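This report refers to the structure that appears directly beneath it.
Note that the structure is a prediction, hence the values are computed from the model and not measured. The residues of the chain are indexed from 1 along the displayed sequence. Values below: every heavy atom of this structure, side chains too, minus hydrogens, waters and symmetry copies.
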Amino acid sequence: MYSASDLRKGLKISIDGEPYIVTSFEFSKPGKGQALYRTKMRNMISGNAFERTYRSNDKFEKASLEERTMQYLYSQGDEYHFMDTKTYEQIVITREKLGDNIKFMTDNMDVQVLVFSERPIGVTLPNFVNLTVTLANPWAKGDTSGSDTKPVTVETGLELQVPPFIEEGDKIQIDTRTGLYITRVKE
């Protein structure tokens, strides 16, 4: 059981028997009265989103989700194929249910597939992934554009801002929760 003060971005809770994920969270404490927790939530099955404000004494049940370790195999159109690493059973999840997670997934990557009532409804990625830069404009020493970052594209098609010293072929670490560059990876 969670209280409203436990709400955080990414927390999965149950409302009326359906799983929801907190997509945005904001705490405020007015001068008098109870603390308020403004949240945005998304239904993990239908994808419907809503905003709601809770008070500190509101309680929530933990979503009854099962996580299975699976390997991402490949995509075919809007269908993404995963294989259970223990039973070798293969499942398909649609692009709609994966959302922005597809920007971080590479072939043969291990992910946690969320299962609700024997139906796969999404994935949980590792907090950090290493991806190769496939497109980066050269950065000349002395460029005075006023910015200390430049845009690059990585192997999954994700575009992000990185420091100017990153070049094509470099492997970089990205935080999957924020989509931000963390560091260059040396192998």
Side-chain angles (χ1 to χ4, degrees), residues 2 6-15 17-25 39-49 60-136 151-162 166 169-187:
Y2 296 115
D6 296 325
L7 295 177
R8 298 287 180 267
K9 184 177 178 182
L11 184 71
K12 299 165 188 80
I13 61 173
S14 178
I15 299 175
E18 294 199 350
Y20 285 81
I21 185 167
V22 177
T23 57
S24 175
F25 174 81
T39 62
K40 291 182 184 175
M41 296 193 195
R42 182 175 49 84
N43 185 312
M44 297 179 72
I45 297 173
S46 68
N48 294 334
F60 308 94
E61 288 183 35
K62 183 179 179 180
S64 60
L65 299 170
E66 179 186 350
E67 287 191 349
R68 296 181 187 162
T69 301
M70 294 194 172
Q71 188 176 50
Y72 169 60
L73 299 176
Y74 61 94
S75 65
Q76 191 170 20
D78 285 344
E79 296 182 337
Y80 290 75
H81 298 257
F82 297 85
M83 180 181 70
D84 190 312
T85 55
K86 292 179 183 171
T87 64
Y88 304 109
E89 171 193 2
Q90 290 191 19
I91 63 165
V92 174
I93 302 177
T94 62
R95 175 187 294 260
E96 180 184 19
K97 289 183 179 177
L98 293 174
D100 288 340
N101 289 335
I102 60 173
K103 295 177 182 175
F104 304 103
M105 296 187 328
T106 57
D107 293 352
N108 303 321
M109 176 184 195
D110 285 339
V111 298
Q112 297 294 316
V113 172
L114 300 171
V115 179
F116 179 74
S117 298
E118 297 301 318
R119 291 182 305 172
I121 60 171
V123 297
T124 300
L125 298 174
N127 289 341
F128 302 100
V129 294
N130 296 335
L131 298 174
T132 303
V133 175
T134 57
L135 180 63
V152 298
T153 304
V154 295
E155 60 189 300
T156 59
L158 174 68
E159 295 180 10
L160 68 155
Q161 294 289 320
V162 299
I166 299 296
D170 283 349
K171 192 164 267 203
I172 59 174
Q173 187 175 65
I174 301 169
D175 188 328
T176 59
R177 298 163 291 184
T178 61
L180 298 176
Y181 165 86
I182 300 298
T183 186
R184 180 167 52 183
V185 177
K186 295 182 180 176
E187 293 180 332

Distance check, rounded to the nearest 0.5 Å: [X] atom [atom1] versus [Y] atom [atom2]?
{"X": "Arg177", "Y": "Leu125", "atom1": "CZ", "atom2": "CG", "value": "11.0 Å"}
{"X": "Ser117", "Y": "Glu66", "atom1": "OG", "atom2": "CD", "value": "10.5 Å"}
{"X": "Thr132", "Y": "Lys171", "atom1": "OG1", "atom2": "NZ", "value": "4.0 Å"}
{"X": "Leu114", "Y": "Ile45", "atom1": "CG", "atom2": "CD1", "value": "11.0 Å"}
{"X": "Ile21", "Y": "Met44", "atom1": "CD1", "atom2": "CE", "value": "5.0 Å"}
{"X": "Leu7", "Y": "Phe25", "atom1": "CG", "atom2": "CZ", "value": "5.5 Å"}

>> I'd like to check the ring-ring contact (aromatic ring centres under 6.0 Å, His included) partners of Phe60; sequence neighbours left out, ordered by chain and number.
In response: Tyr54

> How would you list, by chain and number, every residue that makes a ring-ring contact (aromatic ring centres under 6.0 Å, His included) with Tyr88, sequence neighbours excluded?
Replying inline: none

>> As a quick check of understanding, evaluate side-chain contact (heavy atoms from CB on, under 4.5 Å) for Lys40 and Val22, giving each step before the final call.
In response: CA-CA 6 Å; Lys40 291 182 184 175; Val22 177; over 6 Å; no

Do [X] side-chain atoms and [Y] backbone N/O form a donor-acceptor pair below 3.5 Å?
{"X": "Ser14", "Y": "Glu61", "value": "no"}
{"X": "Thr176", "Y": "Pro126", "value": "yes"}
{"X": "Thr39", "Y": "Met41", "value": "no"}

>> Considering only residues two or more places apart or on different chains, which pairs with a residue in residues 103-129 satisfy salt bridge (charged side-chain N to carboxylate O under 4.0 Å, His left out)?
In response: Arg68-Glu118, Asp100-Lys103

Give every donor-acceptor pair under 3.5 Å between a side-chain atom in residues 72-85 and any protein atom, sequence neighbours left out.
{"from": "Tyr72", "atom 1": "OH", "to": "Ser75", "atom 2": "N", "distance (Å)": "3.4"}
{"from": "Asp78", "atom 1": "OD1", "to": "Arg95", "atom 2": "NE", "distance (Å)": "3.2"}
{"from": "Tyr80", "atom 1": "OH", "to": "Arg95", "atom 2": "NH2", "distance (Å)": "3.2"}
{"from": "Asp84", "atom 1": "OD1", "to": "Lys86", "atom 2": "N", "distance (Å)": "2.8"}
{"from": "Asp84", "atom 1": "OD1", "to": "Thr87", "atom 2": "N", "distance (Å)": "3.4"}
{"from": "Thr85", "atom 1": "OG1", "to": "Thr69", "atom 2": "O", "distance (Å)": "3.3"}

Do [X] and [Y] have side chains that get closer than 4.5 Å, going by heavy atoms?
{"X": "Leu160", "Y": "Pro151", "answer": "no"}
{"X": "Thr156", "Y": "Thr106", "answer": "yes"}
{"X": "Val115", "Y": "Glu67", "answer": "no"}
{"X": "Lys62", "Y": "Tyr2", "answer": "yes"}

> In a check of side-chain contact (heavy atoms from CB on, under 4.5 Å) between Tyr181 and each of Val152, Ile166, Ile174, which one passes?
Replying inline: Ile166

> Of Thr124, Ile91, Leu65, which is the lone residue that meets side-chain contact (heavy atoms from CB on, under 4.5 Å) with Val113?
Replying inline: Ile91

>> Checking Lys9 now: which residues fulfil salt bridge (charged side-chain N to carboxylate O under 4.0 Å, His left out) with it, not counting sequence neighbours?
In response: none

> Where do Asn130 and Val185 come nearest, in terms of heavy atoms and distance?
Replying inline: OD1-CG2, 3.5 Å

>> Looking at every heavy atom in both Leu11 and Asp6, which two are closest together, and how far apart are they?
In response: CD2-O, 3.7 Å

>> Test side-chain contact (heavy atoms from CB on, under 4.5 Å) on Leu180 and Gln161; report intermediate values, then the result.
In response: CA-CA 7 Å; Leu180 298 176; Gln161 294 289 320; over 6 Å; no

> Can you list the residues that meet the side chain to side chain contact (heavy atoms under 4.5 Å, CB included) rule with Thr134, with sequence neighbours excluded?
Replying inline: Thr153, Glu155

